[in-house]
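It should be emphasised that the depicted structure is a prediction, and the values quoted were computed from it without experimental measurement.
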Amino acid sequence: GTFRDLPEDIAHVLSKPAKTVHSKLPLPPSRTQRFGQGYHLIDSADGGNRRLYSSWSEKTAILADASDEILRKWATPPIRSGCLALSPSGDEVVVVQEEETEPRKYRFIFEDALTGARLRDFVFEDSRVIGWIDVGPLGETLLLRMAESDIVLLDYQRGENLGEISRPTRLALDAQYSPDGRFIAVKFGRQVTLYDRATLAECKQLVHPLLVKWCRFSPDGTRLVAGQISEILTMWDVDSARPLWTRQGYAAESTVFSR
């Protein structure tokens, strides 16, 4: 292949021969092995002091503290693991259940995280399939990632549809809130688009030379790192929408910022 269509700095990085480094260190034990097989970390809140795990095969959810001591364990209906979430404080668990009706309806149930007591619920009617939900960092909105590559924003208390983001593309949209609650970042293709969280107006476009696999905000929301194919990482300044650097390295989706 040739790199003539890529920016000079990217082409220079990709033209270097790849190196594989084998570590002799043992792999760390899985944090979820103590709960049994099949448990996955779904969400965390309150600075990591509340952690929500779910097992599709066991049809069970677990609320744990930062040391993975179990605070609550309960049976769940056969729902997708992405349809469970924690409020930012960790005091509420959001459960989405699909009702057997036509047209398709979803019931959003809000429970006390420690006791399981039902606090409130609302019904959201939509023919599309909900693939994942996120609760906004300010606890005001819910972000729904639909299997049909649409993003839907709901009011956290009432379930009112506040707006949608759609793109004419087969590529799945992936969305996340910035930690400060200002933006919603939507990844598709070679770009990450930042939308105003309140109005869903398009604010900034971060265009990459290669297909973006994932992106992450820094804890203060001022930086965004994007992992692309060929193990390329690009760091962005969020406010100026300016790339700070691009380099080749370990670009797994598990990459996180230090605090």
Rounded to the nearest 0.5 Å, how far apart are OG1 of T76 and CD of Q97? 9.0 Å

Could you tell me whether D121 and R107 make a salt bridge, using a distance below 4.0 angstrom between a side-chain N and a carboxylate O? yes

Do E99 and K105 meet the salt-bridge criterion of a basic N to acidic O distance under 4.0 Å? no

D180/D220 under side chain to side chain contact (heavy atoms under 4.5 Å, CB included): CA gap, chis, key distance, verdict: CA-CA 7 Å; D180 55 13; D220 61 3; over 6 Å; no

Would you kindly confirm whether L138 and V152 end up in one hydrophobic cluster when ILVMFWY residues are joined by side chain heavy atoms under 4.5 Å apart? no

Under a 3.5 Å distance rule, please check whether R197 uses its side chain to pair with a backbone N or O of F183 as donor and acceptor. no

Check whether any side-chain heavy atom of F122 sits under 4.5 Å from a side-chain heavy atom of Q157, and report yes or no. no

Just verifying a value: how many Å separate I62 CD1 and I42 CD1, rounded to the nearest 0.5 Å? 11.5 Å

What's the shortest heavy-atom distance between P88 and G139, and which atoms? CG-N, 3.7 Å

Beyond-backbone contact of R50 with D65, side-chain heavy atoms, under 4.5 angstrom: no

Do V225 and W214 come within less than 4.5 Å of each other through their side chains, counting heavy atoms only? yes

Between F110 and R120, is there a cation-pi geometry (under 6.0 Å to ring centre, at most 45° from the normal)? yes

Using a 3.5 Å distance criterion without hydrogens, assess whether the side chain of E92 forms a donor-acceptor pair with backbone atoms of A85. no

Donor-acceptor contact present, side-chain N49 to main-chain A66, <3.5 Å: no

SG/C215 to CG/L233 distance, rounded to the nearest 0.5 angstrom? 12.0 Å

Taken to the nearest 0.5 Å, the spacing of I151 CD1 from L144 CG works out to 8.5 Å

Go through the steps for F217 and V238 under the test side chain to side chain contact (heavy atoms under 4.5 Å, CB included), then give the verdict. CA-CA 9 Å; F217 281 102; V238 170; 4.1 Å; yes

Salt bridge or not between D134 and R145? Use side-chain N to carboxylate O under 4.0 Å. yes

Got a salt bridge between D126 and R104, using NZ or NE/NH1/NH2 to carboxylate O under 4.0 Å? no

Scan side-chain atoms only and decide if S89 and D46 contain a donor-acceptor pair under the 3.5 Å cut-off. no

Would you please test E140 and D155 for side chain to side chain contact (heavy atoms under 4.5 Å, CB included) and show each step? CA-CA 6 Å; E140 298 175 345; D155 179 87; over 6 Å; no

State, with a plain yes or no, whether a side-chain heavy atom of L52 is found less than 4.5 Å away from one of L84. yes

Beyond-backbone contact of E69 with L71, side-chain heavy atoms, under 4.5 angstrom: no

Between the main-chain N or O of R190 and the side-chain N or O of H208, is there a donor-acceptor pair closer than 3.5 Å? yes

Using a strict threshold of under 4.0 Å (side-chain N to carboxylate O), is an ion pair present between R223 and D239? no

Note, L143 side chain near I184 side chain (heavy atom, < 4.5 Å): yes

One pair to check against side chain to side chain donor-acceptor pair (under 3.5 Å): Y156 and S87. What are the steps and the verdict? CA-CA 10 Å; Y156 184 78; S87 65; 4.6 Å; no

On a heavy-atom basis, which atom in N161 and which in L154 lie closest, and how many Å separate them? CA-CD2, 3.7 Å

Give me the one residue out of K204, E202, R182 that meets side-chain contact (heavy atoms from CB on, under 4.5 Å) with L194. K204

Determine whether the side chains of Q248 and S230 contain a donor N or O and an acceptor N or O closer than 3.5 Å. no

Let me check something: do V123 and L142 share a hydrophobic cluster, defined by ILVMFWY side-chain heavy atoms less than 4.5 Å apart, either directly or through other members? no

Are any of the side-chain nitrogens in R72 or E111 under 4.0 Å away from the carboxylate oxygens of its partner? yes

Intermediate values then yes/no, side chain to side chain contact (heavy atoms under 4.5 Å, CB included), F188 and I165: CA-CA 12 Å; F188 62 98; I165 300 171; over 6 Å; no

Quick one: do the Y53 and T60 side chains pair a donor with an acceptor below 3.5 Å? no

Within-4.5 Å side-chain heavy-atom neighbours: L224 and L206: yes

Check whether any side-chain heavy atom of L86 lies under 4.5 Å from a side-chain heavy atom of V93, and answer yes or no. yes

Taking all non-hydrogen atoms of both residues into account, name the closest pair between P219 and P179 and its distance. O-CB, 3.2 Å

